[in-house]
Amino acid sequence: MPRKSAPAVSSVNAAAVPPDIHVPADFGARVVDWQRVHGRHDLPWQNTRDPYRIWLSEIMLQQTQVSAVIDYFQRFVAQLPTVQALAAAPADQVMALWAGLGYYSRARNLHRCAMQVVSDHGGRFPTDPAVLATLPGIGRSTAAAIAAFSAGVRSPILDGNVKRVFARFFGIHGHPGERVIESRMWGLAEAALPVPGPRQADDMVAYTQGLMDLGATVCSRGKPACLADALACPLSADCVARRDGLTATLPTPKPRAAVPERSTVMVMVRHGRDVLLQLRPDSGVWGGLWSLPEMPVATVPFDPELAEQEALGYARAFGEPSRADMAGELVHVFTHFRLLIRAIRVDMAALSLREPDSGPARRWLSLDDLDALGTPAPVRKLLEMQARGGLF
DNA sequence: AAACCGGGGGT
DNA sequence: ACCCCAGGTTT
């Protein structure tokens, strides 16, 4: 008896399941069985094979939780019960029905999609996920959901809930938004589908809904139900995150955007115990505080010699400098960037009678009287170090 | 205030 | 083909 050949794996996006990841043969069956007992069965878009209602609910659910969608869904299908009615409706009516749901570009796509289904597909939704995904507002995951619910097509979904379930169950580290992680998950999603059987269509409905329900109600972001009761989840027995205590760390959160690093060169013009400060503009960082003068110096690559020369040049506006030396470096961390401060100390042999009267307000401050002025924390630190006479 | 989210759109 | 955004809500 010739065996049926294995179903062709779609070559596009076919990510092999890494050899170290094992997909239990009964993964799908466990989800299916769990859904039939513990999943949701009475949502207004369930218990139908009407692709119009299924599609509409999937689009609404892309952005809003079930509880908020229900009323909108009911109103929408009451007024526009078919894809033909929607396609023929004026945009104003569609937007009015959507008003309050947010993400209005999706409402516009919804309308366009309806018109396209009517004009290009004879008013009947395709059942092939690849074809569905060509329609406006329908991506790969939504296409699979529509195909599964409306026609029992065996095709994997991968929404945020499923990504969380997979990251935890298979112990996948790395942010799911990353290309490699996401494509690995699509591979797993394919591999984890229920094995084809006599009840494939029904199984796919239960499986697809089951993954959604599991992610939404049991394998939640904050407190997965398995922590209190392992039996709450049909996957808990061999869930990697549960086994290793990683439910709090998986899925890996989006990496904090690398804080940009800026650098600046500050000059400490010293005359005896006095140091020259200047007033910062009211707006911007450290607005209205007295700070050290900063020099517009090329800092990449940083050349200490050059910076010292420039510091000397700067100081000549105030008298006769005797020497300039690197005094140290200091990193100050803001919320939105790191500032590398390089400080150059310039000692004045003599001050000129008249200082420049243009530029920001300036004054001398004694290192023994640092409390007299408000200075930015890192500048204060630099000054305190000077006061103690030390380097850094 | 920061993460999250499926798809679209820009490069 | 890849990266990033828009536009909301949730934590």
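Note on naming: letters A, B, ... go to the chains in the order of the sequence lines (proteins, then strands), and numbering restarts at 1 for each one.
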In whole Å, what is the span from the [atom1] atom of [X] to the [atom2] atom of [N]?
X	N	atom1	atom2	answer
Ile59(A)	dC5(B)	CD1	P	17 Å
Asn161(A)	dC4(B)	CG	P	13 Å
Glu182(A)	dC5(B)	CD	P	11 Å
Tyr103(A)	dG7(B)	OH	P	14 Å
Arg164(A)	dC4(B)	CZ	P	10 Å

Paired and unpaired positions of DNA chain B as dot-bracket, Watson-Crick or G-U wobble under 3.5 Å, | denoting a partner strand
|||||.|||||
Residues sharing Leu250(A)'s hydrophobic cluster, by side-chain heavy-atom contacts under 4.5 Å among ILVMFWY, directly or via others?
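Leu250(A) clusters with Leu246(A).
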Within 45° of the six-membered ring axis of Phe302(A) and under 6.0 Å from that ring's centre, is NZ or CZ of Arg342(A) located there?
yes
Using the six-membered ring of Trp186(A), assess whether NZ or CZ of Arg140(A) lies under 6.0 Å from its centre and within 45 degrees of the ring axis.
yes
Pairs in or reaching into residues 348-368 of chain A: which pass ring-ring contact (aromatic ring centres under 6.0 Å, His included), with residues at least two apart or in two chains?
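Every candidate ring-ring contact (aromatic ring centres under 6.0 Å, His included) pair involving residues 348-368 of chain A fails, so no pair, neighbours aside, qualifies.
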I'd like the 5' and 3' limits of the part of DNA chain C contacted by chain A, with heavy-atom contacts below 4.0 Å.
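Range of nucleotides within reach of chain A: dC2(C) to dT11(C).
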Can you label the angle between the Phe166(A) ring and the Phe27(A) ring as parallel, tilted or perpendicular, going by 30° and 60°?
perpendicular
Would you please test Thr264(A) and Glu294(A) for side-chain hydrogen bond (donor to acceptor under 3.5 Å, both in side chains) and show each step?
CA-CA 7 Å; Thr264(A) 187; Glu294(A) 292 180 46; 2.5 Å; yes
Atom of Leu132(A), atom of Ala143(A) and distance for their closest heavy-atom approach
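Taking Leu132(A) first and Ala143(A) second, the nearest heavy atoms are CD1-O, 3.5 Å.
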Step-by-step side-chain hydrogen bond (donor to acceptor under 3.5 Å, both in side chains) determination, Gln62(A) to Thr142(A):
CA-CA 8 Å; Gln62(A) 277 174 2; Thr142(A) 300; 2.9 Å; yes
Report each atom pair, protein N/O against N/O of nucleotides 8-11 of chain B, whose distance is under 3.5 angstrom.
unit_1	atom_1	unit_2	atom_2	d
dG8(B)	OP1	Gly137(A)	N	2.2

Touch check for Gly222(A), heavy atoms < 4.0 angstrom, all strands: base, sugar-phosphate only, or nothing?
nothing
What contact category does Gln62(A) fall into here, base, sugar-phosphate, or nothing, at under 4.0 angstrom with non-hydrogen atoms?
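Since only primed, P, OP1 and OP2 atoms lie under 4.0 Å of Gln62(A), the category is sugar-phosphate.
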Any chance you could measure Met348(A), atom CE, to Leu276(A), atom CG, to the nearest 0.5 Å?
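It comes to 8.5 Å.
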Partner of Gln386(A) under side chain to side chain contact (heavy atoms under 4.5 Å, CB included), chosen from Lys381(A), Arg270(A), Arg273(A)
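Filter result, single survivor: Arg270(A).
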Give every donor-acceptor pair under 3.5 Å between a side-chain atom in residues 65-77 of chain A and any protein atom, sequence neighbours left out.
unit_1	atom_1	unit_2	atom_2	d
Tyr72(A)	OH	Ala99(A)	O	3.3
Arg75(A)	NH2	Leu97(A)	O	3.3

